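Working notes, structure below.
Since the structure is predicted, the reported quantities are computational estimates derived from the model, not experimental observations.
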Amino acid sequence: MRTPVIAGNWKMYKTAGESAAFVKEFLPLVAGVQGVEIVLSPPFPSLSIVGALTAGTNVGVASQNVHFAAEGAYTGEVSPGMVKDAGARYAIIGHSERRQYFAETDESVNRKVKAALAAGLVPIMCLGETLQERESGKTFPVVERQLRTGLAEVSAAEAPKVIVAYEPVWAIGTGKTATKEQAQEVHAFLRGILKELFGEPVALAVRILYGGSVKPENISELMAQPDIDGALVGGASLKANAFAGIVKFK
Ligand code: PEP
């Protein structure tokens, strides 16, 4: 019922030339894949080239961030309209590295989600608890706050367009994947909050991705969980073969 999404987040890796080489290697590997939304998220300077090389294919493009204003005196920032113009259809928003190193808050995430929707982009809104929060039993209140605040003032009509990515911070780039049971538990909880916020049909339509050390070896068991609708992949998305292996999880 929900089309799975497999999105690769390249973080601050790959020049424009390296990005183009990846796409040329990757496209034939996934050319026959149907029923999965495949997304690449290169750094800003590679957006246009990846956008141009993937145009008309089964691979979409995301930015790794956007500013919440349409334009203005915000040195160093990039607006939703600009990334869309460069070929992006999605925008990753509120990644834990943005929250940790660039002072992003639930409130700024909310402004960016609304700005992305207004520009016609699909927000991939990230949330997740730290190790300390998990170990002190705060996982559910933390992700509930992040979800509710991140989606504040988003209408029930707009909400189905949003993709939520549950990324426990302790599992990102650590090689330590959440177990399928741990991930499913949080995904089901998040879907329950979505139901409270927007009603059951919307809650059933929203894709909730898991992120945190996803690899070709663990994607299938994660995807077999009823509330896991895809993956946001960091490290393993940097190699065309490995990422294609994740895309072909079935
Ligand atoms: C990420 O960057 O969102 C991520 C999940 O990274 P990794 O797959 O490397 O843990």
Sidechain-backbone polar pair: His187 side chain, Asp227 backbone, donor-acceptor under 3.5 Å: yes

Heavy-atom pair of closest approach, residues Ser96 and Ile172: OG-CD1, 3.3 Å

Linked, directly or transitively: Val23 and Tyr90 (ILVMFWY side chains, under 4.5 Å): no

pair Asn110-Leu151: side-chain heavy atoms closer than 4.5 Å: no

Closest approach of Gln225 to Glu221 (non-hydrogen atoms, all atoms of both residues): NE2-O, 3.3 Å

Test side-chain hydrogen bond (donor to acceptor under 3.5 Å, both in side chains) applied to Arg89 - qualifying residues, sequence neighbours left out: none

Close side-chain approach of Ile38 to Val33, heavy-atom, < 4.5 Å: yes

Glu25 side-chain N/O to Phe22 backbone N/O, donor-acceptor pair under 3.5 Å: no

Side chain Lys161, main chain Leu117, donor-acceptor under 3.5 Å: no

Residues, nucleotides or ligands: over 12 heavy atoms within 6.0 Å of Lys215 NZ: yes

Polar side-chain atom of Arg99 near backbone of Glu104 as donor-acceptor pair, under 3.5 Å: no

Cluster check Leu190, Val154: I/L/V/M/F/W/Y, side chain < 4.5 angstrom: yes

Criterion side chain to side chain contact (heavy atoms under 4.5 Å, CB included) on Ser213 and Thr174, from CA distance to verdict: CA-CA 7 Å; Ser213 300; Thr174 58; 3.9 Å; yes

Main-chain N/O of Val50 paired to Ser19 side chain as donor or acceptor, under 3.5 Å: no

Pair Glu153-Lys114, side chain to side chain contact (heavy atoms under 4.5 Å, CB included): steps then yes or no: CA-CA 8 Å; Glu153 296 168 3; Lys114 289 185 288 186; 2.5 Å; yes

Distance-only polar pair, side chains of Lys180 and Asn218, donor-acceptor under 3.5 Å: no

Nearest heavy atoms of Gly94 and Val109, plus distance in Å: CA-CG2, 3.6 Å

Hphob cluster co-occupancy, Leu127 + Tyr210, side-chain heavy atoms under 4.5 angstrom: yes

Hydrophobic cluster membership, Leu209 vs Ile193, 4.5 Å side-chain cutoff: no

Shortest non-hydrogen contact from Pro216 toward Ala242: CG-O, 3.6 Å

Only pairs under 3.5 Å count here: list side-chain donor-acceptor contacts from residues 164-171, not counting sequence neighbours, and write none if there are none.
residue: Tyr166; atom: OH; partner: Glu129; partner atom: OE1; Å: 2.9
residue: Tyr166; atom: OH; partner: Glu129; partner atom: OE2; Å: 3.0
residue: Tyr166; atom: OH; partner: Arg134; partner atom: NH2; Å: 3.4
residue: Glu167; atom: OE1; partner: His95; partner atom: NE2; Å: 3.4
residue: Trp170; atom: NE1; partner: Glu129; partner atom: OE2; Å: 2.9

Residues 200-208, side-chain donor-acceptor partners within the protein, below 3.5 Å, at least two apart:
residue: Arg207; atom: NH1; partner: Thr3; partner atom: O; Å: 2.7
residue: Arg207; atom: NH1; partner: Glu37; partner atom: OE2; Å: 3.0
residue: Arg207; atom: NH2; partner: Glu37; partner atom: OE2; Å: 3.2

Side-chain heavy-atom pair Thr149, Thr105 within 4.5 angstrom cut-off: no

Flag, side chain of Ser237 to backbone of Gly234, donor-acceptor distance under 3.5 Å: yes

Beyond-backbone contact of Arg191 with Asp229, side-chain heavy atoms, under 4.5 angstrom: yes

Straight-line distance of Glu71 CD to Ser79 OG, nearest 0.5 Å: 7.5 Å

Any donor-acceptor N/O pair, Gln182 side chain to Thr179 backbone, under 3.5 Å: yes

Expected output: side-chain Asn9 to main-chain Ala62 donor-acceptor under 3.5 Å: no

Candidate pair Val83 and Leu47, rule side chain to side chain contact (heavy atoms under 4.5 Å, CB included), full reasoning: CA-CA 7 Å; Val83 303; Leu47 269 184; 3.8 Å; yes

Glu181, CD: over 12 other non-hydrogen atoms inside 6.0 angstrom: yes

Test item: side-chain donor near acceptor, Glu133 and Thr130, under 3.5 Å: yes

Close side-chain approach of Leu147 and Leu194, heavy atoms under 4.5 Å: yes

Please list, one pair per line, the donor and acceptor atoms closer than 3.5 Å that link side chains of residues 243-250 to other protein atoms, with sequence neighbours excluded.
residue: Lys248; atom: NZ; partner: Leu29; partner atom: O; Å: 2.6

Non-hydrogen side-chain atoms of Ile6 and Ile219 separated by less than 4.5 Å: yes

Single-linkage hydrophobic cluster Leu53~Phe44, side-chain heavy atoms < 4.5 angstrom: yes

Side chains of Cys126 and Ile92 in contact at under 4.5 Å (non-hydrogen atoms): yes

Residue list, side-chain contact (heavy atoms from CB on, under 4.5 Å) with Ala118, at least two apart or on another chain: none

Contact summary for Ser63 and Asn65, nearest pair of heavy atoms: OG-O, 3.0 Å

Nearest non-hydrogen partners of Val61 and Pro42, listed with the distance: CG1-CD, 4.0 Å

Gln64 side chain vs Ser41 backbone, donor-acceptor pair below 3.5 Å: yes

Atom pair CG/NZ of Leu40 and Lys14 - distance to nearest 0.5 Å: 9.5 Å

Pairs flagged by ring-ring contact (aromatic ring centres under 6.0 Å, His included) wherever residues 123-156 is involved - sequence neighbours left out: Phe140-Phe189

Donor-acceptor contact below 3.5 Å, side chain Lys84 vs main chain Ala119: yes

Within-4.5 Å side-chain heavy-atom neighbours: Leu222 and Thr177: yes

Lys/Arg N to Asp/Glu carboxylate O, Arg148 vs Asp106, below 4.0 Å: no

